[in-house]
Visitor: 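Could you have a look at this structure, given as structure tokens, before my questions?
Ligands are counted one by one from 1 in listed order, and the atoms in each one are counted from 1 as well. If you're wondering where the values come from, they're calculated on a predicted model, not measured in any experiment.
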Amino acid sequence: MGSLLKNNDDLKELVESLNFKQKIDRSLALLEEAFAEYGDGLVVANSLGKDSVAVWDLAVRVNPAIKGFIITTRYKPQETKRFMLDEVKRYPGLTIYKNDVVIGEELYNTDPDRCCDLLKVQPTRQAIAELNVKCWVTGLRCTEGRTRTDFKEVEERDKGLIKLNPILIWKEREVWQYLALYNVKVNPLYKEGYRSLGCAPCTRITNEDNERAGRWVGTSKCGGECGIHTRPLIKVI
Ligand code: SF4
């Protein structure tokens with residue numbers, strides 16, 4: 001069998017054609033192959049959302065020594081902050097990054113792109129540099145919403161930095177199926193009805209098809225991205 005890291009498969013077809021077990025096996029195989037290739041340079045970005053905790057669980061099944069980082073901000077809900085501290089206690093391999101720079105009051109209303117850039121993208125750059133990341137692993141899924149349809153399982157958006165999206169073809173239902181069947185702890189805010197979690201001022205409960213419709217409601221970023229998946233993460237010298 002050829003390398004799964006170099007696959008050219010039709011992902012939209014796989015979303016529908018693979019069953020739940022086949023998707024788990026594929027995700028584990030992607031992680032195993034990437035860990036064999038990048039070793040310590042493989043690091044999981046854990047946003048503490050449902051997709052991230054599923055990927056984190058898969059990664060530590062592949063090898064308990066795999067490391068991860070969490071980007072938090074001053075605006076995360078209390079429930080998420082408590083869940084984060086519980087997760088770090090459970091998994092000492094997780095490192096927290098946060099930018100405490102002084103910013104304008106309610107910058108999330110006046111310039112949410114700038115706010116996300118300072119509070120999310122910059123600490124992600126710092127994590128990638130400090131942890132010497134060669135391959136970062138995310139919980140992106142191609143059925144999450146309009147901004148996430150064109151990612152690949154293995155990408156190199158920044159030269160020299162591989163991005164692995166091992167559950168890209170999972171559906172929302174399959175993530176919950178995995179979390180329930182494998183007893184993975186989740187952020188209690190999901191019990192309130194949230195489907196996608198972010199900072200408190202920028203996250204609402206919605207009931208639309210688009211899972212990310214509750215993010216940045218009322219701004220130009222509505223249903224969009226904070227920037228860690230769209231902005232450069234390493235400086236080209
Ligand atoms: S999600 Fe909102 S509060 Fe959080 S960093 Fe982005 S704009 Fe700021």
Visitor: Answer yes if Y178 and L197 sit in the same cluster of Ile, Leu, Val, Met, Phe, Trp and Tyr residues linked by side chain heavy atoms under 4.5 Å apart, and no otherwise.
Guide: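 Linked, Y178 and L197 end up in one cluster.
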Visitor: For the NZ atom of K163 and the NE2 atom of H229, what is their distance to the nearest 0.5 Å?
Guide: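 Nearest 0.5 Å value for the NZ-NE2 distance: 5.0 Å.
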Visitor: Could you list which atoms of ligand 1 come closer than 4.0 Å to a heavy atom of Y75?
Guide: 3 (S)
Visitor: For atom 6 (Fe) of ligand 1, what's the nearest protein heavy-atom neighbour? Residue, atom name and distance, please.
Guide: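 Sorting protein heavy atoms by distance from atom 6 (Fe) of ligand 1 puts C116 SG, 2.3 Å first.
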Visitor: Suppose I only count heavy atoms of C202 and a 4.0 Å limit; which atoms of ligand 1 are within that range?
Guide: 1 (S), 2 (Fe), 3 (S), 7 (S)
Visitor: Nearest protein heavy-atom contact for atom 8 (Fe) of ligand 1: which residue, which atom, what distance?
Guide: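 Ranked first by proximity to atom 8 (Fe) of ligand 1 is C115 SG, 2.4 Å.
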Visitor: Can you tell me how far the CG atom of L118 sits from the CD1 atom of I103, to the nearest 0.5 Å?
Guide: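 Answer rounded to 0.5 Å: 6.5 Å.
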Visitor: What I want to find out is whether R90 reaches E87 closely enough, with some N-O distance under 4.0 Å, to be called a salt bridge.
Guide: yes
Visitor: Do any N/O/S atoms of C226 come under 2.8 Å of atom 2 (Fe) of ligand 1?
Guide: no
Visitor: Which ligand 1 atoms does K120 reach within 4.0 Å, using its non-hydrogen atoms?
Guide: 1 (S)
Visitor: Salt bridge between E211 and K50, side-chain N to carboxylate O under 4.0 Å?
Guide: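 Result for this pair is yes, salt bridge flagged.
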Visitor: Flag the pair W176 / Y190 as yes when their ring centroid distance falls below 6.0 Å, and as no otherwise.
Guide: yes
Visitor: Hey, which atoms in ligand 1 end up nearer than 4.0 Å to a heavy atom of C199?
Guide: 1 (S), 3 (S), 4 (Fe)
